[in-house]
Amino acid sequence: MSPATGNAPQEAPLLPGKLRNGRALWVVLIIMALLAGCALLFARGSMRLSGDWQRQLSDTLTVQVMLDEAGAWEEATSRARYVLGETFPGADISIVPQSEARALLQPWLGNAELPDSLPVPGLINLTGENLAVQKAQTALDDAGLSVNIDDNSRYANQLSTTARRLVTIGISTLALILLAALSVNIFATRAGMTAQKEIIRVLVQVGASDEFIAKLFVGQAARRGTLGAAIGLGLSAVLWLCLSIFGEWGGLGWAGFAAGVSDVVWLIGLGIIFAIICAAAAGVTATRQLAFERKRL
Amino acid sequence: MSSLPDLVNFERVALRYGRGPEVLSDATLDLPQGSFTFLTGPSGAGKSTLLKLCYLSLIPSRGLIRMFGRDSALLSNPERQAIKRRIGVVLQDFHLIEHLSVYENVALPLRVSGQSRAAYNDDVVELLQWVGLGHRMQAYPPTLSGGEKQRCAIARAVIAKPDLLIADEPTGNVDPVIGRRLLRLFSEMNRMGTTVLIATHDTHLIDELDARVLRIEDGRVFKGKPE
């Protein structure tokens, strides 16, 4: 409908929609959002994986039954299993077969044939809740067995440290990407204001306030940020999904790293933050630039 | 008319661009509320500069400018913008926004002041028809002739019914018929209370109305037509 009918179409945007170099800016923002999404999913996956590993390790004990002679292997490991069963009734207890225990020595001894008389320690794995090392040690000592008990705490601590580092790397990368997005938007707003200086001049002439003009750039940047985030973060989610389905994650097992429903919520949150950063950068830059131009008069 | 307060008052105003010579020197003038004033003078005399000072686009190098009774040097930014909204400006190079239609360009001051489209639509349409652009409402500035751009710029300047209308050669690009029609528009606005200041070379235009005339010579402002 024409304006003459009184039912005029919506007001046209005061800033032109298409910017010079606009496509390049879109590509940069989408790539940044994609990288930010990957960094977030990496950090979240690292946290989850670390939690899984620690949970698994905290519920296990390995008991080494030391022997004086090889012939006592069967009797000593059975007795130790019995004592552990009495001490931790709910635990899952399994004896590592003697052949497998001997095979574990191979990295140190090479392919040399082990003499049958070598008293290879008996190995017993326990899995269950509340497996206290001290309690097991006392019970086995009382039964006259010489044992070493490993609760995997050293390994768990190393894993935990590694996982913490991975999370730190992920979050730092995310922070750097968001900082870069802020800088890109500051630069884009300045460039946009230079390109639109004639329009700004007209708006100032007809009495537009700095806030009114800044809002135009904020709106433009927010739209750009929202759409860029939607595309970039959507791509990161698809990429992560593909890696979850087809990737092996270097033998680590993908269950921990794979994206879940909660990650989608985090990605949406990141998208909102991304758009806010774009809008805020544009708002602050436009306001400061207008004040600067006024002082230059 | 002389009993009314001055809307614009210049006292020994000077302006130089950068380190160049003074374009205006000791310019003293007043525009009483409700007055109709022509500003004339040779090219390069400083007419456009004086107009820019009047619509607060420049800050003087020295001297005092009072706008609507306020010292312009002491205005805060919101006050300055509020005063600008009371001034309609028509410039020689039109300053139309190219990606907006004629209708949108004319409606701009009302839109900036926060009015809704429904509130201003009829006024804009009526004014565009009055200045002869009723059939070009949806056209874009690059497709307009010089005269049409001129009329569009004038319509934008007067749409918000400003207290002060400043025009720089407003009839320079239009034919005599349209020129007289625009002058009638300015005259009509003046009768309704708008103070009008028009810079022009056109002595015929000056002769059409019984209005005050100021002339600029060598950067100074004098009363009366040139000899």
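Residue numbering restarts at 1 for every chain, and letters A, B, ... go by the order of the sequence lines.
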Query - For the student: nearest non-hydrogen atoms of A:P13 and B:L100, plus distance - result: O-CD2, 3.6 Å

**Report entry** Nearest-0.5 Å distance, CD1 of residue B:I97 to CG of residue A:L203
**Finding:** 5.0 Å

Query - Contact origin within B:L91 toward chain A - heavy atom pairs under 4.5 Å - result: side chain

Report summary line: Bottom line for B:F94: the part with an atom under 4.5 Å from chain A's heavy atoms is neither

Query raised in the report: Considering residues at least two apart in sequence or located in another chain, which fulfil the side chain to side chain contact (heavy atoms under 4.5 Å, CB included) criterion with A:F187?
Result: none

Report summary line: Filtered by a 4.5 Å non-hydrogen cutoff, the part of residues 205-215 of chain A contacting chain B is A:Q205, A:V206, A:G207, A:A208, A:S209, A:D210, A:F212

Report task. Might you confirm whether atom CH2 of B:W130 has over 12 heavy atoms from other residues, nucleotides or ligands at distances under 6.0 Å? Result -> yes

Query raised in the report: Counting only heavy atoms not in B:R62, do more than 12 sit closer than 6.0 Å to its CZ atom?
Result: yes

Query raised in the report: In terms of heavy-atom pairs under 4.5 Å, which option from B:R85, B:H99, B:K84 contacts chain A the most?
Result: B:H99

Query - Crowding at CD, B:E79 (>12 non-hydrogen neighbours, <6.0 Å) - result: yes

Requested in this report: Could you walk me through whether B:N105 and A:V202 pass side chain to side chain contact (heavy atoms under 4.5 Å, CB included), step by step?
Outcome: CA-CA 10 Å; B:N105 266 288; A:V202 174; 5.7 Å; no

Report summary line: Applying a strict 4.5 Å limit to non-hydrogen atoms, the region of B:R111 in contact with chain A is both

Requested in this report: Check the surroundings of atom CZ in A:R190: do more than 12 heavy atoms from other residues, nucleotides or ligands lie under 6.0 Å from it?
Outcome: no

